[in-house]
Amino acid sequence: MRYFPHKIEKKWQKIWLKMEIYEPDIKKTKKPFYNLMMFPYPSAEGLHVGNMYAFTGADIYGRFMRMRGRDVFEPIGLDGFGIHSENFAMKIGRHPADQAKISEKNFYRQLEALGNGFAWCERLETYNPEYYKWTQWIFVQMFKRGLAYRKKQAVNWCPNCKTVLADEQVIQKSEIRNPKSETNSKFEIPAGGEARSGRQNSKQKITIGVCERCDTPVIKKELEQWFFKITDYAERLLGNLAKLDWSERVKIAQKNWIGKSEGALIKFPISNFQFPIKDLDFVFIHGYKGDSRDIFWPWFRKEIERRGAKVFAPDLPNSDAPNINEQVQYVLKQHSFSEKTVIVTHSLGGVVAMKLLPLLHDKIERLLLVAPPLRTEFLDGKKRPALEDACDWKFNFNEIKKHARNISVLADTEDHVVSLDQLVEIAGQLNARLRKTVASAPHFREIVEPEIVNELFPEIEIFTTRPDTLFGATYLVLSPEYEEISNFQFPISNRGEVDEYIKNTKAKTEEERISEGREKTGVELKGIKVINPVNGEEIPVWVADYVLGGVGMGAIMAVPAHDERDFEFAKKHDLPIKTVVESFYIQKEEPGVYRENESIVPRDGIITIIKHWSEDKYIGLKWKKVAWGTFLTGGIEKGQTAEQAGVAEILEETGYLHPKFIRELGITHGLFYHVPKKENRLVHAHILYFELQDGARTEISEKEQEIHDIKWLTLKELKSFLTPATHTYALDLFREGIKVYTGGGILCNSGEFNGMDSEKAKLEITKFVCGERKIQYRLRDWLISRQRYWGPPIPMIFCESCKKSLENSKFSKGELENPGWTAVPEKDLPVKLPYVKNFRPTGTDKSPLATVKKFYKVRCPKCKSWARRETDVSDTFLDSAWYYLRYPSVKMQNSKIKMQNENSKSKNIEIPWNSEITKKWTPVNMYIGGAEHSVLHLLYSRFLAMAFKDWGLTHFEEPFTKFRAHGLLIKDGTKMSKSRGNVVNPDEYIRAYGADALRMYLMFLGPFEQGGDFRDDGIRGITRFLERAYKLISNFQNPISKQIPNSKSQIQKILHQTIKKVTEDIENLQYNTAISALMILLNKFEENPSAVTKEHVSIFLRLLAPVAPFITEELWSMFPTNYKLQATSVHKNKWPEYDPKLIQEDTFELVVQINGKVRDKFEAPIDVSEDNATRLTLGRERVKSIVGTLKPRRIIFVPKRLINIVI
RNA sequence: GGGCGAGUGGCGGAAUGGUUUACGCGCACGACUCAAAAUCGUGUGGUCGAAAGGCCGUGUGGGUUCGAAUCCCACCUCGCCCACCA
């Protein structure tokens, strides 16, 4: 009989579907196994062979588990929403909704043809309103619990796709360009650097960010959008990783993406006055019914005096029934005002100050008005007649302005006396900076009001992972996005230049910004300085785009000596570089490993690099009593300089007479065990460089000669010659001229912290400057909004009138944090995506839905006034972040559970799945998918799973117990992808060879987790295999009675070895070697077909069944019925087990090695003893002829493998 | 620049301290055929040799070991992911 794959495959597809053999009993199962694969997005012409590769690999595992007795659930669906699908629809000029229906049919047809054991009854499509209703429901829950919020952010904008892209949808592309100029600074050409000259390429490799779909360079645009607070879960997402049985590379990728770093927040006070604080003269003016010992005044006085300045704080006359003029005169009489005066007022004191200033001769330094009134109207409605008569309440703002260099107004947004309007008006009139804040007590009546000090002495807070280098911070850098730059009324003297710089960087496209080759541009904020809190030094502040707004505090302390970026910047802008950490190595490799239990002897010393007088060679010392290779070393005696010590050591240990000192390269510390001297040494070593003038030399003492030999070595030779880490460091310093030491070590130039280990100093210095230890994550919040059409509308409504009446306390957390926004009530879901003819991106900041009035004009669900619906749709990743939860419940009734709602009342609400079923089937047992989703899809799914658990919706917080990433399919040397146009459609291959052949071929290409190289040849080999198997088995006539298998026959042994191999390989997803084992077995069958029994065939078919489901099912069905089978379908049968006894061999081929080379082999009993093996081996002619009369020096015998004779 | 991974015949790959190249493709020769395809059989790392057999051989250089594709160090090349993360 001939093998016709199509007939067979069509036939079984139908039968399987009818018999529902891949539909587990969802409700009753006792041994559930959820075998999930990433569902495809039906974007292009159809499924491609890359999808099939993934599905086949996952299906084999599922089929294997089914045969091992599990009820396997292997669902499939379509991730049909999203930009991929929309773009494809656009390309072919069809509406996405119409295209979806066409794609759906095509995809399901193709998926059926693959031969996967899909549970067809539980399909789902993300664009189906029944599904996205629940995607929207999840959004609503996120919002109510404060996990969804709106924020304005500069986002990636693709000018071609006309939409916002998430960071991860922007691909960095390399390009080779000619640099505009010689930008590479050439400081510190290392003395030995000639060897590496010519390394600077004339061309420079740069990268630009492009859209992942259309390759257009991405630009930045500011939009207000929805975000999910995934950062709240950063620690859990990171911590749980250790528990997961996932591909290691995926775990590492997630770890890096979350990017935890530990450091400190440190405040740098700004000294923004013309005069040092101690020269200033402060005047406090209290308010109505107050005095200088009232409320915050005493505390405030201490704060000022602590900073060294003088304070004048009069108690104003008649505070209870004030006459402002009288008070002004009183103050004027008591105090003389100058350009160094700073006036701080509270409440009515502000009126006194405003009346007082026009009377002065001089201009004062600063006026700070804390909550000053402008009129006698008060928020609490109380009448204060005494105040109405206190003065005329008319102010000459121009005169006030003229008499103060700097004016600011401090407002409490929760003030219940003075209204904000008045403060706004004052600030406006005075052209003053208005700072709104929340006071400790309303109207700043608490005894401690830190905002006042903050306003007077503003600080810049930075995040650093290296607080140990604080002494080396020689300037601060703010990101261009740093808000305070524009808000501050700092006396920035070059404000125009600064604003210009900020404007330019913000306007720059990503392309422009990077094409400048990472050159460190920036502008100093002239006129202000900050104080380094660790040593009181004033350092400058810069704004530069190498500091990113979204990272940390958007501000850094720059330590050019120990950070490469800061170093580049400092060099370019001529800023000081101060070394504060010296390298430190603890010897960890023998010889000379530091011995913890022995005492440590500190020593000052030198490491001396000595160059030959004519050749490019250097002195290395080969030690005689210990396996050391070093440079010349020695101690520094009292009164000696390092240089002198060097000269002396050179003479003493080498005898060379004319060394010339070139320079000192640096300092390093080493802790090691000095083997000859038998003690731990802690050396503080100067690294010196000498060149010999000539070869003139005297004899050296015998004692010295006994210690070591002198060797002349090239730099390359030195690299492998030197043993101690400190000396290797010295060599690197010499060769590379390490400019910036970024490692840890021992502190120097750091005052009282000198000599401290940098790890310890991180804590100590943070404590010393009252910094806050802080953990920082690289992970950003999840940007949900897409200004597109083809996605689930975000179920939110914005209402102006609700925004105004926020405080009425009936609002959820999300509503309070996002004024005016409210969620569409659950009962109104889904918000259906309307059929919009013109679905193309508008090219504005808005989704096409924003043009559909019928869609966006709605009544507010809270107050019923007219409101506006959100018109953006959500990210596709949200659709796919929870689909695994929906599959098992597709045909089930959703559960209603008690959930706390926004008012923390419990009520029964419907959730998107059936709880009982979910408990049974989730988390997913095995998940297989592409490594390209290592980070985003998997991280988002984990995030939602954690949130669901927290809300009491599910019982697990990790959705995928086991995850394996498959490799990539390569075609023509590059990965198979639509954009490269090298995709292969499986249809034509299935037509030509059958699905079984294609499945098997794909799996045979290489290890499943590593991917494979797809080429047309090669599939022939698989076809041959299937045809041979078909021929052999379909012609199989062996009557069962006659064949009582010889239990120890050769074929029996190979059969059981194959069972073992295939079982283990499938467990490990190593399908390629499983297939090869089956090929070997078939070859054996063919060698002696008459020895093949039904049992053999039955096992062979079951082993092959997961890989080639159709042909095995067909052959199984052809089997003579008198042979009892457990079930009608091979796929429902039991997986064979091997008999360990049958695998055992009686003999083995003993390999004979002589000196490690194979010289002979012979058959020996499996349990041959070493003595016997030796005797047998030495008795062999071949061995005798080589060994001759020599006595073997050593014999190594490895049981069951080999014997090695060493002569 | 950082992280991860890989480098073995003409090709895909196998072997994770013990016979390098399993299995498959390709190629060569042979059988069948008038012939071809298909199929079946034999052979197939390089080199020297008539042969027996020798030597070389897992990116390069070093090391550990009786023995290294495999472990360690340095370097080179390629792939994937990330990238001014303070």
Side-chain angles (χ1 to χ4, degrees), chain A residues 167-168 172 205 207 209 247-253 255-257 259-261 263 462-466 469 477 479 513-514 518 520 544-548 550-559 563-566 568-569 589 716-717 719-720 776-780 931-932 934-935 965 967-968 970 973-975 1001 1004-1007 1009-1022 1024-1025 1027-1028 1031 1070 1072-1080 1083 1086 1149-1161 1182 1185 1192-1198 1200-1207:
Chain A
D167 278 347
E168 48 277 10
Q172 297 301 320
K205 200 175 164 190
T207 56
S247 306
E248 204 53 33
R249 56 183 164 142
V250 174
K251 292 210 251 181
I252 291 167
K255 192 177 161 210
N256 291 342
W257 190 262
K260 182 177 180 172
S261 57
I462 58 99
F463 174 74
T464 178
T465 54
R466 293 295 305 270
T469 61
V477 188
S479 65
R513 212 156 145 172
I514 297 166
R518 301 216 161 167
K520 300 275 183 292
D545 65 3
Y546 83 92
V547 173
L548 308 176
V551 179
M553 306 298 288
I556 61 154
M557 67 180 204
V559 185
D563 181 283
E564 290 180 32
R565 294 151 303 179
D566 298 341
E568 270 177 57
F569 190 81
E589 271 175 50
K716 220 179 161 183
E717 287 163 343
K719 183 107 200 161
S720 46
Q776 182 84 21
Y777 299 92
R778 204 192 74 109
L779 182 70
R780 304 299 158 72
E932 69 272 21
S934 297
V935 173
L968 285 176
I970 306 286
T974 46
K975 85 172 176 195
Y1001 171 60
F1004 189 58
L1005 289 173
E1009 290 180 81
Q1010 269 170 48
D1013 192 344
F1014 188 91
R1015 44 187 72 212
D1016 294 7
D1017 46 19
I1019 197 166
R1020 286 290 316 140
I1022 299 292
R1024 269 177 216 152
F1025 170 82
E1027 279 167 357
R1028 276 161 48 207
K1031 205 164 110 193
Q1070 282 155 355
N1072 56 333
T1073 47
I1075 291 168
S1076 113
L1078 287 166
M1079 286 172 165
I1080 294 169
N1083 289 347
E1086 285 179 331
E1149 195 178 41
L1150 180 69
V1151 172
V1152 179
Q1153 291 186 345
I1154 293 169
N1155 286 345
K1157 286 195 172 161
V1158 179
R1159 294 301 178 190
D1160 198 7
K1161 13 184 141 161
R1182 175 103 181 92
S1185 75
R1193 282 196 292 153
R1194 202 177 154 186
I1195 291 173
I1196 290 114
F1197 175 69
V1198 183
K1200 293 187 205 173
R1201 281 201 194 272
L1202 57 69
I1203 186 161
N1204 188 10
I1205 296 169
V1206 187
I1207 51 173

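Every heavy atom of this structure was used, including side-chain atoms; hydrogens, water molecules and symmetry mates were not. All values derive from a computational prediction rather than experimental measurement.
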Would you indicate, yes or no, if [N] has its OP1 or OP2 atom less than 4.0 angstrom from a side-chain nitrogen or oxygen of [X]?
X: Lys1157(A); N: C56(B); result: yes
X: Arg1028(A); N: A38(B); result: no
X: Arg565(A); N: G2(B); result: no
X: Asn1083(A); N: G24(B); result: yes
X: Arg1024(A); N: G24(B); result: no
X: Asn1072(A); N: A14(B); result: yes
X: Arg778(A); N: C82(B); result: no
X: Thr1073(A); N: A22(B); result: no
X: Arg1194(A); N: C66(B); result: yes

Taking [atom1] from [X] and [atom2] from [N], how many angstroms apart are they, rounded to a whole number?
X: Leu548(A); N: A83(B); atom1: CG; atom2: C1'; answer: 11 Å
X: Asn1204(A); N: G17(B); atom1: CG; atom2: P; answer: 18 Å
X: Gln1010(A); N: G5(B); atom1: CD; atom2: C1'; answer: 8 Å

Can you tell me how far [atom1] in [N] sits from the matching atom in [M], rounded to whole Å?
N: G57(B); M: G5(B); atom1: P; answer: 28 Å
N: G17(B); M: C72(B); atom1: P; answer: 12 Å
N: U70(B); M: A6(B); atom1: P; answer: 12 Å
N: G59(B); M: G12(B); atom1: P; answer: 14 Å
N: C29(B); M: C80(B); atom1: C1'; answer: 44 Å
N: G7(B); M: A14(B); atom1: C1'; answer: 15 Å
N: G63(B); M: G79(B); atom1: C1'; answer: 29 Å
N: G46(B); M: A37(B); atom1: C1'; answer: 34 Å

Would you mind classifying the nucleic acid contact of [X] as base, sugar-phosphate or nothing, using non-hydrogen atoms under 4.0 angstrom?
X: Val1158(A); answer: sugar-phosphate
X: Val1206(A); answer: sugar-phosphate
X: Gly259(A); answer: nothing
X: Arg1015(A); answer: sugar-phosphate
X: Leu1005(A); answer: sugar-phosphate

Side chain of [X] only, please: which of [options] is the nearest?
X: Asn256(A); options: C84(B), G3(B), A14(B); value: G3(B)
X: Ile252(A); options: A86(B), G3(B), C23(B); value: G3(B)
X: Ser1076(A); options: A86(B), A22(B), G54(B); value: A22(B)
X: Trp257(A); options: C23(B), C80(B), A83(B); value: A83(B)

On RNA chain B, check which nucleotide each of Ile1075(A) and Arg1159(A) is closest to and give me the residue with the more 5' one.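 It is Ile1075(A) whose nearest nucleotide is closer to the 5' end.
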Identify, between Val551(A) and Arg249(A), the residue whose nearest nucleotide on RNA chain B lies closer to the 5' end.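 Looking at the nearest nucleotide for each, Arg249(A) comes out on the 5' side.
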Please give the nucleotide sitting opposite [N] as a Watson-Crick or G-U wobble pair, both distances under 3.5 Å, or none.
N: C71(B); answer: G63(B)
N: U20(B); answer: none
N: C84(B); answer: none
N: G41(B); answer: C29(B)
N: G79(B); answer: C4(B)
N: C55(B); answer: G46(B)

Under 3.5 Å, is there a donor-acceptor pair linking the side chains of Asn1204(A) and Arg1194(A)?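 Their side chains do not contain a donor-acceptor pair, so the 3.5 Å distance test is not met.
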Could you report the tightest heavy-atom contact between Gly1156(A) and Gln1153(A), atom names first, then the distance?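 Shortest heavy-atom contact: CA-OE1, 3.6 Å.
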Which atom of Ser934(A) lies closest to which atom of Val250(A), heavy atoms considered: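 For Ser934(A) versus Val250(A), the nearest heavy atoms are OG-CG2, 3.6 Å.
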Glycosidic class, syn or anti, of G53(B) using a 90° window around 0: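 Anti, angle beyond 90° from zero.
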Base U19(B) paired with Glu1149(A) side chain (donor-acceptor, <3.5 Å):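 Under the 3.5 Å cut-off, the side chain and the base do form a donor-acceptor pair.
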Kindly indicate whether the side chain of Gln1153(A) and the base of G18(B) share any N or O donor-acceptor pair separated by less than 3.5 Å?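 Donor-acceptor pair under 3.5 Å: yes.
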What's the separation between atom CZ in Arg1015(A) and atom OH in Tyr1001(A), rounded to the nearest 0.5 Å?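 Result: 7.5 Å between the selected atoms.
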Distance from Asp563(A) atom CG to Arg466(A) atom CZ, nearest 0.5 Å?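 One gets 9.0 Å once the value is rounded to the nearest 0.5 Å.
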Using atom types as modelled and distance alone, determine if a side-chain donor or acceptor of Ser479(A) lies under 3.5 Å from a backbone N or O of Gly554(A).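 Between the backbone of Gly554(A) and the side chain of Ser479(A) there is a qualifying donor-acceptor contact (under 3.5 Å).
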Flag if over 12 foreign heavy atoms under 6.0 Å of CZ, Arg778(A):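 Counting neighbours around CZ of Arg778(A), more than 12 heavy atoms of other residues, nucleotides or ligands fall under 6.0 Å, so yes.
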Report yes or no: is the cationic atom of Lys520(A) (NZ for Lys, CZ for Arg) under 6.0 Å from the centre of the six-membered ring of Tyr546(A), at an angle within 45° of the ring normal?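 Yes; both conditions hold, so Lys520(A) lies above the ring face of Tyr546(A).
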